[in-house]
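Everything below concerns the one structure shown next.
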There are 2 protein chains.
Amino acid sequence: MMERQAGVALWRQIADRMRLAINNGDFDETGMMPPETVLAARFGVNRHTVRSALASLAEEDIVQPMQGIGTRILRSRHLRFPIGRRTRLSQGLGAQARELEGLLLEAACEAAPQAVTDALTLAPGTACVRLETVHSADGRPVSRSTSFFPASRFAGIDAAYRRSGSITAALRAFGVSDYLRKSTEISAVHAEGDDMQRLRLSPGAIVLTATAVNTDLADVPVQYARTRFPADRIKLTVEPES
Amino acid sequence: MMERQAGVALWRQIADRMRLAINNGDFDETGMMPPETVLAARFGVNRHTVRSALASLAEEDIVQPMQGIGTRILRSRHLRFPIGRRTRLSQGLGAQARELEGLLLEAACEAAPQAVTDALTLAPGTACVRLETVHSADGRPVSRSTSFFPASRFAGIDAAYRRSGSITAALRAFGVSDYLRKSTEISAVHAEGDDMQRLRLSPGAIVLTATAVNTDLADVPVQYARTRFPADRIKLTVEPES
DNA sequence: TTCGGTTGTCTAGATTAATAGACATCTAGG
DNA sequence: CCTAGATGTCTATTAATCTAGACAACCGAA
């Protein structure tokens, strides 16, 4: 049933599977997890091992144990983030959450890495403004972004972003009335370091990473962004254009 | 540096990071891994722990240890799989591999799960043909697909697929001259069970999952597919339409 | 109040992971 | 032919994980 000796602790494998089952709506009828003894039998492990897994999910605020009653399921449901020609970070989640919040963690102007200058068709080492942001939906972090803008054209865009809390508005302040997504590259890795903390993930959690280039209406690249989404809270969708 | 007591063995965390570094081209200059003692110092662990990690990568045929010389890096580089309005499984990888191979694992006709009938706008429990396939590039498995076709319209499509080895050709045999992708939903999870074996992944490895619906030119859904890609070998790209 | 079912806690032992050190084995190069 | 530097193998010890069992604490309902 479960893999032993795999380099991943049994309780973590079980936690992953239970998180998946919860997001899949497997326990929606009752809103409760099955009793620990039942889960232990189902996974073929000791009850203590299941308890470790449940403790991990409780740490993530996914379940809430209640002595004498059972273990309640708190949140479920994936949010959907649409990717298309007119992808906007804040708008995308739109009506799926009651409250959306963007936070600017850091802003700097520095020589950009080669991957960035290549994507923006700049000379190697060109200075760029770098913005580090986190977005939360209903108090839960849902994305962590690192954006680059050519400094020659967008010097001070960090201040504009700070005022408006929106990339779209900040770009408009620099004469970019509209912008389109030129390309998106999607991958997935295990969460690490800063992302783990900012997105409040446990070690071994998966983050979807979307690397995107946006251009203005003249097809000139204006932004390079690498956004990380917690895979257990967000699904990416690719929709045809209207 | 590395997380202990996290439910994920140190050697596996290190293996993940090294696999990422390899795919990132960090060691392309020499084509060799740094010596085990250097890696051990860099990660702050014992040499034996690094050796466990390297053994895991060797198991995946990512590196090849050579006594007295060092540890050679075998393959690297991600393949890119484009997702768009005209996504085709085989064509997508096109020129990126010398040899592409599709294999039909299983075919069955059965009542489809609700997620499938919902997506194909069929009545719950409608019979569908289910195809299980694996695709390999240069001998390495790169995707594992589960497809559903409405049985009323496509009974026997498994035979057509077996003959041609292509979904596109199989659909054409049933009068679908062309088809378009209506929606794609992307997520990522840890590899499990059959996928782990078929894609030759180790436990804890990440698979990107793309759930797609294709329609014919009259906008009638013809196929529901759930494709799993090994995240360490494939990146998904979303390109605007030409 | 009593009872069945649930989570919470404790102890003990067995298995697996990680550290530490020593030394063998192999290769390229001086 | 050596030697420096690399991987391969072995033993021993410590720490973390998993199993096993017992019982306490708590809740809801009969």
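Predicted, not measured: the structure shown is a model, and the values here were computed from it. Just so it is clear: chains get the letters A, B, ... in the order the sequence lines come, proteins before strands, and each one is counted from 1.
- Looking only at distances, a side-chain donor or acceptor of A:Thr30 sits under 3.5 Å from a matching main-chain atom of A:Met32.
- Electrostatic pairing of B:Asp194 and B:Arg144 counts as a salt bridge here, judged by a charged N lying under 4.0 Å from a carboxylate O.
- Within a heavy-atom distance below 4.0 Å of DNA chain D, the residues of residues 46-57 of chain B found are B:Arg47, B:His48, B:Arg51.
- Every pair passing side chain to side chain donor-acceptor pair (under 3.5 Å) that includes a residue from residues 121-131 of chain A is listed here, sequence neighbours excluded: A:Glu106-A:Arg130, A:Glu110-A:Arg130, A:Arg130-A:Glu132.
- Applying the 6.0 Å contact sphere to CD of A:Glu59 captures no more than 12 heavy atoms from other residues, nucleotides or ligands.
- Taking five base pairs at each end of the helix from C:dT1-D:dA30 to C:dG30-D:dC1, the local helix axes there meet at an angle of 20°, rounded to 10°.
- Taking atom CG on A:Leu10 and atom C1' on D:dA16, their separation rounds to 13 Å, with Å as the unit.
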Find every protein N or O atom lying less than 3.5 Å from an N or O atom of nucleotides 26-30 of chain C, and list the pairs.
| from | atom 1 | to | atom 2 | distance (Å) |
| --- | --- | --- | --- | --- |
| C:dC26 | O4' | B:Gln67 | NE2 | 3.4 |

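- If you measure from atom CZ of A:Arg12 to atom P of D:dA16, you get 16 Å, rounded to the nearest angstrom.
- Remark: C1' of C:dG5 and CE of A:Met33 are 17 Å apart, rounded to the nearest angstrom.
- Remark: B:Phe27 pairs with no residue by the ring pair (Phe, Tyr, Trp, His ring centres under 6.0 Å) rule, at least two apart or across chains.
- Scored by the ring pair (Phe, Tyr, Trp, His ring centres under 6.0 Å) test, B:Phe229 finds B:Phe81 as partners (sequence neighbours excluded).
- The only member of A:Asp232, A:Asp28, A:Leu74, A:Val63 that meets side chain to side chain contact (heavy atoms under 4.5 Å, CB included) when paired with A:Ile22 is A:Val63.
- At least one donor-acceptor pair closer than 3.5 Å links the side chain of B:Gln13 to the backbone N or O of B:Val8.
- Atom CD of B:Glu36 is separated from atom C1' of D:dT9 by 12 Å (rounded to the nearest Å).
- Atom CH2 of B:Trp11 and atom C1' of C:dT19 are 17 Å apart (whole Å).
- A donor-acceptor contact shorter than 3.5 Å is absent between the side chain of B:Glu185 and the backbone of A:Lys235.
- Judged purely by atom type and a 3.5 angstrom limit, B:Ser56 has no side-chain atom pairing as donor or acceptor with the backbone of B:Ser52.
- The distance between atom CE of A:Met32 and atom C1' of C:dG5, rounded to the nearest whole Å, is 12 Å.
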Item to check | Check against side-chain contact (heavy atoms from CB on, under 4.5 Å), A:Cys128 and A:Leu122 | outcome: CA-CA 10 Å; A:Cys128 283; A:Leu122 300 172; 4.0 Å; yes
